[in-house]
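Report on the structure given below.
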Amino acid sequence: MKQASELYETYLRTDMLPTILCSGCGAGVVLNATIRAIDSLKMDLDNMVFVSGIGCSSRLGAYINADSLHTTHGRAIAYATGVKAANPDLEVVVFTGDGDCVGIGGNHFIHGIRRNIGINVIAINNYNYGMTGGQTSPSTPQGSVTTTTQYGAFEHPFDIAQLAKTAGAAYVARWTTSHPLQLQKAIRKGFSNKGFCFIEVLSPCPTSYWGRNKVRNPEEMYQWYKDHTIPIGRAEEYPEKIPIGELVNVEKREWTEQWASLVRKVSP
Amino acid sequence: MNAREAIGDTVQFVQGDKACVYGALLAGCRFFAGYPITPATEIAEEMSRLLPLIGGTSIQMEDEIGSISAVVGAAWTGAKAMTATSGPGFSLMQETIGYAVMTETPCVIVDVQRGGPSTGQPTRASQGDVMQARYGSHGDYELIVLSPSSVQEAMELTIRAFNLSETYRVPAILLTEESIGHMREKITIPDTVPLQSRPATEDEAAPHVPPFSPFGRGKKAFVTGLTHQDNGHPSTDDHEVHDRLVRRLCAKVCENMDDIFQADTVRMDDADTVIVSYGISARPGRAASEMAAQAGRKVGAITLKTLWPFNYAYFAELAQRVDHIVVVEMNCGMLYHSIREAAAGNANVTLVSTLGGKVADPTAILEVIR
Amino acid sequence: MDRTVGIARAEGVAMMHKIRIAGSGGQGILIAGVILGKAASVYDGLWATQTQSYGPEARGGASKTDVIISDTEINYPFIGTCDILVCLSQLAYTKYAGGIVPGGTRIVDPDLVVHHADDCIPINASATAIELENPLVANMVMLGALSRLYPVVSGRALEEAISHSVSRRFVDIDIEALHRGMALAESLGTGEV
């Protein structure tokens, strides 16, 4: 494995550093895994576009030394659809979060999957709206205290990876920031799938989420994700745990390929 | 097949919506994203028919927010891109129109106006979005809004909207109405049209306009809707950075007024009264001017093709020359207020306002002049 | 006071005709208007506008299209009262029969507009279409009759417009219907021919 210092110069927009991320935030682990996956796949950074919406996770695109489109809240997948449809040669990666992806942006999410546009979406699920100070999100576990569920969240949360699977994504995986190597491998596999690739990463938000939910030590947080997850193959034995691993990896005709064949068919 | 071949016969009898599509394709538009909405749906339908024939891309998105977002994404790959909608969808697009302003993304939005507020009158014309087109997104900004008064102009001003949008890296809105969008008239389609592209270098760029770096060329552009420095890096706490950015975004539109502003005039030489209108309202405006001429009156008519940026100097000068300015609009008075402000009491300014899909009657305009 | 006619006169327009075609949904009213406008503007070199009713009123029930044909550019494209009214349903006749200039021409299909004023010109369009074994071409029969009764547009231009507007397999039958309409009008020995 390459040293971080080797990757730093090549892949990071150093004049954007330091990041805005809090200490203990899991987003850096996701950035690291993404860069390592890109490096091992020998992808050309000049041919990649990083699209993001609004939220802590959406800042990651700024730190990678490539073309980046930091857009409006919830709409990153729609912008990314425009980028990919207009130039299918570009590799498009979307960084998003739980609120951005399945809260305000839920409709773009399921429709991006439905049309199987060939973009790679990495959703950092930290169970809350971190940038605005810790409000409940569509994925907040029941019972959690957030600034807008001060007596405990009671709404049923989305299982985001399951939602992606049900909507028909070509590739779906879920890992946590406590599983960085598995995450990196999943990103590699997902990026290699030509269709809509969705990777959910459960990631701690020490400042806005865990503090209010009585986990204050970063080590404890990382352990929480290990203790509360189970490889997908054994999920039935542990119904109280969150299944992690690869949920889907299928070949499915991608939107820009279908458009190209339509053009070939109808154009004289 | 090129766009001109795909469009077909030189002389056609078509709806305004279709003429918009022709204009867009002639201007180099190769990406369309839209969502069905009366009375703009014909634009999406025609785009989906013609774009694949010329190697372009057309996509029906899940809503109007998705449509304008996809258009902005496509524009950053270097494509000339457009969406089309009507009032309810135009409302949904406003946040991203502001994003396009802030990120200086060339793109064209067609709003085929219908009666509002809300769902209102889907099949009836209105000019109720004139203020929204200018002020609909939050924050201070300027953009370009053009208004065609015939099917021929729907084509011509769509071409112009693309060219201005490219030159100034600003969203350009073609603000038309159901009446133009659905009416059929004869149009003559040119073989070639003047084409503008977004500036690639400082030398090519108009004043206050930065060069454009499309994605995929190794330029490592960082594009953000956050307040940013000249290199694109966010800088959200420094009031001077924000002040400089916003004033430049406004200046690049307003200070190029001579290039952007267009109006057609008739019988203005010795007019003491002038009818000012735009879009479909210009049709009874011109008819009333002609009827007044028959009756020996000196009544000119001005058809505004550019609504925004608003040309205060033009109307201030006009108010010095004439006694009476009659503004004809299909709303409760929108441009009327700006015209009255510019006239500064030097001429009487009267509003002829119609609502409900009714286009002003020429005789009703004459009654105001009398 | 009829305002719209006032405009045409005040503009000193040498030739301006306001034609309304009305019937019910499914009779091809709109395509008849489009073909008429296209024939006049594209193939006869005149100016034309065509507008139509949209929305709930255009679904299922009444259907109407207004065509203005002029030898100069048309400022005001809307019709208050028309010069020529073509009616293919009783409902449309009831609604529009009064909206016509004094001395204007009203053409009706007597099988579909049973109750009509004595000065209406009867053209058996639907019966002719049935003879042609295609009830859908009654609209073209009417256009043919119109072009003879009120020659604002040439037969050649109408034929061109038809062949550029309808699907290829309908061109021949539509043009045949057009000719039958012309013949019907001529056999009346009335009108302005």
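So you know, we letter chains A, B, ... as the sequences are listed, proteins then strands, and number each from 1.
Within residues 84-110 of chain B, the residues approaching chain A closer than 4.5 Å by heavy atoms are, in numerical order, B:E95, B:T96, B:Y99.
Within the model, atoms NE2 of A:H73 and CD1 of B:I65 stand 12.0 Å from one another, a figure rounded to the nearest 0.5 Å. The line from NZ of A:K84 to OG1 of B:T57 is 12.0 Å long, rounded to the nearest 0.5 Å.
Interface summary for chain A: among B:A79, B:P214, B:S58, B:A6, the most heavy-atom pairs under 4.5 angstrom belong to B:S58. When each of A:T71, A:V49, A:N47 is scored by its heavy-atom pairs under 4.5 Å with chain B, the top score falls to A:T71. The candidate from A:D15, A:L90, A:I54 with the greatest count of non-hydrogen atom pairs under 4.5 Å with chain B is A:D15. Your options are A:A86, A:S68, A:G105, and the one with the most heavy-atom pairs under 4.5 Å with chain B is A:S68. Ranked by non-hydrogen atom pairs under 4.5 Å with chain A, the options B:G73, B:S69, B:G218 are led by B:S69. Taking A:A260, A:S267, A:G74 one by one and counting their heavy-atom pairs under 4.5 Å with chain B, the maximum is reached by A:S267.
Between the A:D67 side chain and the B:K220 main chain, a donor and an acceptor come within less than 3.5 Å of each other.
Under a cut-off of 6.0 angstrom, the local environment of CG in B:D140 is sparse, with at most 12 non-hydrogen atoms contributed by other residues, nucleotides or ligands. Other residues, nucleotides and ligands place more than 12 heavy atoms under 6.0 Å from the NZ atom of A:K252. Sparse packing is recorded around OH of B:Y35, with 12 or fewer heavy atoms of other residues, nucleotides or ligands lying under 6.0 Å away.
Side chains of B:E62 and A:R115 form a contact here, defined as non-hydrogen atoms less than 4.5 Å apart. The shortest side-chain heavy-atom distance between B:I59 and A:W255 falls under the 4.5 Å cut-off. Using a 4.5 Å heavy-atom threshold, the side chains of A:V266 and B:M1 count as separate. In this structure the side chain of B:M61 never reaches within 4.5 angstrom of the side chain of A:H111, judged on heavy atoms. B:F215 has its side chain out of reach of A:N87: every pair of non-hydrogen atoms, C-beta onward, lies at least 4.5 Å apart. No side-chain heavy atom of A:R75 sits less than 4.5 Å from a side-chain heavy atom of B:I68.
For B:R30, no part sits under 4.5 Å from any heavy atom of chain A, backbone or side chain. Contacts of A:A85 with chain B are made by both backbone and side-chain atoms, with heavy-atom separations under 4.5 Å. When heavy atoms are compared at a cutoff of 4.5 Å, B:A221 approaches chain A by way of both its backbone and its side chain.
Across B:T77 and A:V83, no two heavy atoms sit closer than the pair CG2-O, 3.5 Å. Between A:G61 and B:F222, the shortest heavy-atom distance links the atoms C-CE1, 4.5 Å. Taking both residues in full, the closest heavy atoms of B:P234 and A:M16 are given as CD-CE, 3.7 Å, listed atom of the first, atom of the second, then distance. Heavy atoms only, all atoms of each residue included: B:G55 and A:V263 are closest at CA-CG1, 4.1 Å.
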